[in-house]
Amino acid sequence: MKFNVLHTSDTSGRRSLIETAHGKINTPIFMPVGTRATVKAMTPEELEDLNAEIILGNTYHLYLRPGMDIMEKAGGLHKFMNWNKPILTDSGGFQVFSLTSLRKMKPDGVEFASHIDGTRFFLGPKESMAIQKVLGSDIVMAFDECTPYPCSYEQAKKSLEITLKWEKISREQQLQSHQNLFGIVQGSTYKDLREKSAEKLVKIDFEGYAIGGLSVGEPEEKMFECIDWVVPYLPKDKPRYLMGAGTPKQIVECVARGIDMFDCVMPTRLARHGSAFISNGKTIPLKAGRYKEDFNPIDKNCQCYTCRNYSRAYIRHLFNVGEILGMRLLTTHNLYYFLNLMKQIRDSIEKGTFSEFRENFGK
RNA sequence: GGUGGGAUUGCGGAGCGGCCAAACGCAGCAGACUGUAAAUCUGCCCUCUACGAGUUCGGUGGUUCGAAUCCACCUCCCACCA
C-alpha cells in the first residue's frame with residue numbers, strides 16, 4: 001500500500017492518495033458500510049456510480065454467515081460480492097461493544113454467543129486475523145475492544161491494556177501479501193490513556209492508524225478533544241481513520257483535525273428509516289405527512305440520481321406504502337451526499353479554501 | 001313482507017355487568033439512530049386549566065349500588081327466505 005500526501009492546508013487537514021492492490025483511494029474519504037457483504041440496498045454498480053472508492057465488511061458478521069468455508073470457496077469477499085475496489089474489514093472489535101450482553105471477555109479474546117442462534121464461539125486477535133485473511137480485504141483492522149461511553153478510568157485503562165496486547169498479536173499474524181493492517185487507538189476519553197495508546201501503537205508499526213471508541217454517545221466536543229490529543233502522535237506519512245463517525249459536521253471538523261478516512265452507518269441506516277440529508281448537513285424526515293404534496297426534489301442543489309428524477313412526495317409515498325424503492329432512492333441520495341461532501345472537502349483543500357468551506361459549512 | 005345477525009374512540013376490530021377512556025392492527029403525529037442484532041426502536045394518538053377532571057361505545061327510555069356490556073322501543077346496515 002502506498003500513501004502520499006498531495007496537499008496540506010492551514011488546518012491539520014490534508015488531501016492524500018492511498019494506492020492498494022484493488023485501486024486508489026482519494027482521501028479524505030467516506031467509506032460506505034457493507035457489514036454483511038452488501039451496502040444495504042445498493043448494487044456494487046450503483047456504488048461505483050456514486051463514486052464510492054472503498055467499502056467496509058465485517059469479520060463477526062461474515063464469520064457467522066455465510067461462514068468461512070463459503071468465503072474460502074468464493075475466493076474472498078471481493079469476488080463473493082462482486083466489488084473489485086478496495087475493501088476494509090472491521091475486526092469484530094465493535095461487536096465487543098455493540099453486543100456486550102452476548103459476550104464474555106477472556107484474556108486472549110472474546111467469547112460470543114451468536115446473536116442469531118446463541119451458538120458460542122471465540123474471537124480473538126488470532127481468529128480475527130485468520131478470518132480477515134480469508135476475506136482478503138485490502139485494509140485489515142486489528143482486534144480491539146471498543147469501550148462504551150461513559151467509561152470509568154479504571155475500566156478504560158484495563159481495556160486499553162488488553163487491546164494493546166491484542167493489537168500486538170494481530171500484528172504478528174500472517175496476512176495475504178496485498179493486505180494492510182491498521183492499529184486502533186483506544187483509551188476512552190482520558191488524555192493519558194489515548195496518548196499512551198497512540199505512542200505504543202506507533203511503536204508496533206502499522207500501515208495506518210485508526211481512532212476507535214468514539215462516536216459511541218460522547219458529547220461532540222469530547223470527540224474532537226480526543227482526536228486533538230491523538231493526532232500529534234500519529235505519523236504524518238500514514239493514513240488516519242476515525243472509526244464509526246460521523247455526522248456531516250463532525251466529518252468536516254475531523255478532517256480539519258487531521259483525519260483521512262471515515263465510515264459511518266448513518267447515511268444508509270437513516271435512509272432506510274426515511275430520513276434524507278440536505279445541504280446544511282441536517283436531515284428531513286420524508287415519512288412525515290407534510291411532504292405528501294411536496295413535488296420538489298429532496299434537495300434542489302443535489303445532483304444525485306434521486307434528486308434529478310423524483311419528488312419528496314413520491315418518496316414519501318413509497319415509504320408510506322412500504323415499497324423497497326423508497327429505501328433504495330434514499331440510500332442513493334444519502335450516500336451521494338456523504339461522498340459528495342468528501343469531494344467538496346478534497347477540492348477545497350486542493351484549492352486552498354478548506355478553512356473557508358469549514359467556516360461556512362452548515363450555514 | 002319474514003327470520004336471523006349487527007351498529008364501539010379516523011378506518012378495521014376486541015370487549016359481553018365493576019379491574020374500560022375501552023385490547024390490538026392500520027392510518028396520523030413527534031423523536032431516536034455514529035467501526036449495522038436496525039426496511040428498526042420509543043412516545044403520543046376523546047377533551048381539558050392535564051401525576052387530576054370531564055364527556056364517550058347508533059338514539060331514547062329502563063333494570064342495577066354500578067351498563068359499551070342486561071331489557072324495551074326506534075333508526076340504520078348486512079345475510080338468508082318469500
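Note on naming: letters A, B, ... go to the chains in the order of the sequence lines (proteins, then strands), and numbering restarts at 1 for each one.
- The other members of the hydrophobic cluster of A:F319, by chain and number, are A:I278, A:I284, A:L286, A:Y291, A:I298, A:Y305, A:Y310, A:Y314, A:I315, A:L318, A:L325, A:M327, A:L329, A:L330 (side-chain heavy atoms under 4.5 Å, ILVMFWY only).
- Nucleotides B:rC57 and B:rA21 have their C1' atoms positioned 10 Å apart, rounded to a whole Å.
- Base pairing annotation: B:rC76 forms a Watson-Crick or G-U wobble pair with B:rG6, both donor-acceptor distances under 3.5 Å.
- Spacing between B:rG13 and B:rG25 at atom C1', rounded to whole Å, works out to 8 Å.
- Comparing the C1' positions of B:rU8 and B:rC46 gives an interatomic distance of 13 Å, to the nearest angstrom.
- As the counterpart of B:rG25, B:rC11 is assigned, both hydrogen-bonding distances of the Watson-Crick or G-U wobble pattern falling under 3.5 Å.
- The separation of B:rC65 from B:rC76, taken at their C1' atoms, amounts to 35 Å, rounded to a whole angstrom.
- B:rC41 and B:rG31 make up a base pair, with Watson-Crick or G-U wobble contacts both under 3.5 Å.
- Between the P atoms of B:rA27 and B:rC41, the separation comes to 13 Å (whole Å).
- Scanning for side chain to side chain donor-acceptor pair (under 3.5 Å) contacts around A:T43 gives A:E46, with sequence neighbours left out.
- At whole-Å resolution of the value, CG in A:L102 and P in B:rA38 are 12 Å apart.
- Within the shown strands, nothing qualifies as a pairing partner of B:rU49 under the Watson-Crick or G-U definition with both distances less than 3.5 Å.
- On the C1' atoms, B:rU69 is 14 Å away from B:rU56, given to the nearest whole Å.
- A close approach under 4.0 Å does not occur between any side-chain nitrogen or oxygen of A:N320 and OP1 or OP2 of B:rC26.
- In A:E356, the CD atom is not crowded: 12 or fewer heavy atoms of neighbouring residues, nucleotides or ligands sit closer than 6.0 Å.
- In this view, A:N334 satisfies the side chain to side chain donor-acceptor pair (under 3.5 Å) rule with no residue, not counting sequence neighbours.
- Comparing B:rC26 with B:rC33, their C1' atoms are spaced 24 Å from each other, to the whole Å.
- Partners of A:F354 according to the ring pair (Phe, Tyr, Trp, His ring centres under 6.0 Å) rule, which considers only residues two or more places apart in sequence or in another chain, do not exist here.
- Taking atom C1' in both B:rA38 and B:rU42, the straight-line distance is 13 Å, to the nearest Å.
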In residues 120-128 of chain A, what donor-acceptor pairs under 3.5 Å come from side-chain atoms, sequence neighbours left out?
from	atom 1	to	atom 2	distance (Å)
A:E127	OE1	A:G124	N	2.9
A:S128	OG	A:S91	O	2.9
A:S128	OG	A:Q132	NE2	3.0

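- Rounded to whole angstrom, the span from the CE atom of A:M42 across to the C1' atom of B:rA39 amounts to 13 Å.
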List the protein contact pattern of nucleotides 29-36 of chain B with one symbol per nucleotide (5' to 3'): B for base contact, S for sugar-phosphate-only contact, - for none; contact means a heavy-atom distance under 4.0 Å.
SS-BBBBB
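- Between A:E145 and A:Q186, the side chains place no donor N or O within less than 3.5 Å of an acceptor N or O (distance only, hydrogens not considered).
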